[in-house]
Chemist: 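First the structure, then my questions, so here it is.
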Number of protein chains: 2
Amino acid sequence: MAEAEWKTCREAPPLNAFCPVRTTLNVLGGKWKLLILSYLLEGPRRYGELKRLVPEITEKMLIQELRELELDAIVQRTVYQQVPPKVEYHLTEHGRRVQPLFEALIGWGQGYLQREQVLTT
Amino acid sequence: MAEAEWKTCREAPPLNAFCPVRTTLNVLGGKWKLLILSYLLEGPRRYGELKRLVPEITEKMLIQELRELELDAIVQRTVYQQVPPKVEYHLTEHGRRVQPLFEALIGWGQGYLQREQVLTT
DNA sequence: CGGAATCCGATTTGATACTG
DNA sequence: CAGTATCAAATCGGATTCCG
């Protein structure tokens with residue numbers, strides 16, 4: 001597919017194999033993935049740290065989302081062979097590239113929150 | 001809560017009422033919401049148009065997600081009293097403000113797709 | 001045309017207990 | 001500490017039927 005095509009591809013499936021919007025949503029759209037990534041952007045985190053930082057998510061979902069992010073080459077898992085065990089998750093290059101997306105996301109949330117303040121006051 | 005606090009709030013619940021990341025994910029994080037919004041950003045769409053543009057989603061989920069976006073003041077529903085009926089969905093001001101978020105989202109997807117090309121070639 | 005209502009099976013998510 | 005295993009609950013999808 002030529003570059004000009006997938007750059008603007010908005011077709012419905014199955015013609016959307018290279019639609020950037022659907023691609024991003026497929027990779028980052030998991031229920032907890034962006035929230036997990038928001039913490040990994042601040043630096044590498046251990047499994048227990050993430051569990052504490054995102055208490056809404058269960059252990060099962062946390063490990064499941066981390067595994068999927070690993071398969072999609074967004075995060076990398078590092079095991080330190082020691083007792084007690086230590087495992088760290090850190091972003092790959094593609095993971096770090098979500099930074100601008102997050103800045104836009106945070107900007108939108110701030111604007112929305114300010115409206116909420118006005119409405120509920 | 002002072003502005004400086006919620007701007008950077010990364011606390012775990014229940015201290016995160018004003019976390020911009022969690023706010024955005026709560027409002028826009030529905031399974032199909034961002035995909036629906038990506039089409040509404042191009043202009044108002046009728047119910048049937050959205051159904052055709054996003055064939056992955058069932059009628060039930062489409063109407064459900066649209067209702068939630070309406071409750072969160074992201075989209076507005078306009079009924080034209082005529083036969084046959086015509087209903088249009090268009091973005092509110094807060095809905096239109098997701099544009100920068102989408103540009104970042106599309107940019108990330110393009111970068112990720114290029115890597116995929118390299119890997120699968 | 002643009003929905004609403006219902007039933008039902010499949011998938012996803014969650015709670016709890018347990019392990020190397 | 002960093003997960004697994006198991007079972008229950010919630011959500012989602014698909015089909016069908018009906019309505020203004």
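Chain naming here is simple, since letters A, B, ... match the order of the sequence lines and numbering starts at 1 in each. Fair warning: this is a prediction, and the values are worked out from it, not measured in the lab.
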Chemist: Just how far, in rounded Å, is P of D/dT4 from CG of A/Leu66?
Modeler: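 So the two atoms are 11 Å apart, to the nearest Å.
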Chemist: What is the nucleic acid contact for B/Tyr80, judged by heavy atoms within less than 4.0 Å: base, sugar-phosphate only, or nothing?
Modeler: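 Contact class for B/Tyr80: none.
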Chemist: Among residues 42-50 of chain A, which contact DNA chain D at a heavy-atom distance under 4.0 Å?
Modeler: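 A/Arg46, A/Tyr47, A/Gly48 - these, ordered by number, are the residues of the stretch whose heavy atoms sit under 4.0 Å from the strand.
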Chemist: So A/Leu34 and A/Val98, do their side chains get closer than 4.5 Å, heavy atoms only?
Modeler: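 A/Val98 does not reach A/Leu34 side chain to side chain.
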Chemist: Which nucleotide of DNA chain C is the first, and which the last, in the 5' to 3' direction, to come under 4.0 Å of a heavy atom belonging to chain B?
Modeler: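 Listing 5' to 3', DNA chain C meets chain B from C/dC1 to C/dC7.
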Chemist: How would nucleotides 13-20 of chain D be written as a contact map, 5' to 3', with B for base contact, S for sugar-phosphate-only contact and - for no contact, using protein heavy atoms under 4.0 Å?
Modeler: BB-----B
Chemist: Taking the side chain as every heavy atom from C-beta outward, state whether B/Leu62 and B/Val54 have any pair of such atoms under 4.5 Å apart.
Modeler: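 In short, these two side chains do not touch, never coming nearer than 4.5 Å.
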Chemist: Could you give the NZ-to-C1' distance, from A/Lys51 to D/dG3, as a whole number of Å?
Modeler: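 Checked: the NZ to C1' distance equals 8 Å.
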Chemist: With clusters defined by side-chain heavy atoms of hydrophobic residues (ILVMFWY) lying less than 4.5 Å apart, directly or transitively, does B/Val79 cluster with B/Leu71?
Modeler: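 Shared cluster, no.
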Chemist: Decide yes or no for A/Val75 and A/Ile36: does some side-chain heavy atom of the first lie under 4.5 Å from some side-chain heavy atom of the second?
Modeler: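 They are not in side-chain contact.
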Chemist: Among A/Arg67, A/His90, A/Glu88, which one satisfies side-chain contact (heavy atoms from CB on, under 4.5 Å) with A/Arg77?
Modeler: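 Considering A/Arg67, A/His90, A/Glu88, a side-chain contact (heavy atoms from CB on, under 4.5 Å) with A/Arg77 is found only for A/Arg67.
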Chemist: Please enumerate all residues that pass side-chain hydrogen bond (donor to acceptor under 3.5 Å, both in side chains) together with B/Lys33, with sequence neighbours excluded.
Modeler: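 B/Glu68.
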Chemist: Would you call B/Leu37 and B/Leu69 a side-chain contact if the rule is heavy atoms closer than 4.5 Å?
Modeler: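 Yes. Closest side-chain heavy atoms under 4.5 Å.
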Chemist: Heavy-atom distance under 4.5 Å between the side chains of A/Glu70 and A/Leu66, does that happen here?
Modeler: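 Answer no - side chains too far apart.
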Chemist: How would you list, by chain and number, every residue that makes a side chain to side chain contact (heavy atoms under 4.5 Å, CB included) with A/Lys60, sequence neighbours excluded?
Modeler: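 With sequence neighbours excluded, A/Lys60 shows a side chain to side chain contact (heavy atoms under 4.5 Å, CB included) to A/Thr58, given in chain and number order.
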Chemist: Quick one: CG on B/Leu91 to CD1 on B/Ile74, what's the gap to the nearest 0.5 Å?
Modeler: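 Here the interatomic distance stands at 8.5 Å.
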Chemist: Tell me the closest heavy-atom pair linking A/Pro85 and A/Arg46, and the distance in Å.
Modeler: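 Here A/Pro85 and A/Arg46 meet closest at O-NH2, 3.4 Å.
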Chemist: Relative to the ring of B/Trp108, is the ring of A/His94 parallel (under 30°), tilted (30 to 60°) or perpendicular (over 60°)?
Modeler: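 Because their plane-to-plane angle is over 60°, the rings of A/His94 and B/Trp108 count as perpendicular.
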Chemist: Quick one: label A/Glu65 by what it contacts on the DNA or RNA (base, sugar-phosphate, nothing), any heavy atom closer than 4.0 Å.
Modeler: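 A/Glu65: no heavy atom of the nucleic acid under 4.0 Å.
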Chemist: Expressed in angstrom and rounded to an integer, what is the separation of A/Arg77 atom CZ from D/dC1 atom P?
Modeler: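 Spelled out: CZ on A/Arg77 to P on D/dC1 is 16 Å.
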Chemist: Using five base pairs at each end to define the local axes, how bent is the helix from C/dC1-D/dG20 to C/dG20-D/dC1, to the nearest 10°?
Modeler: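 What I find for the helix from C/dC1-D/dG20 to C/dG20-D/dC1 is an axis angle of 50°.
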Chemist: Determine, for A/Glu56 against B/Arg22, whether the closest basic-nitrogen to carboxylate-oxygen distance falls under 4.0 angstrom.
Modeler: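 B/Arg22 and A/Glu56: salt-bridged.
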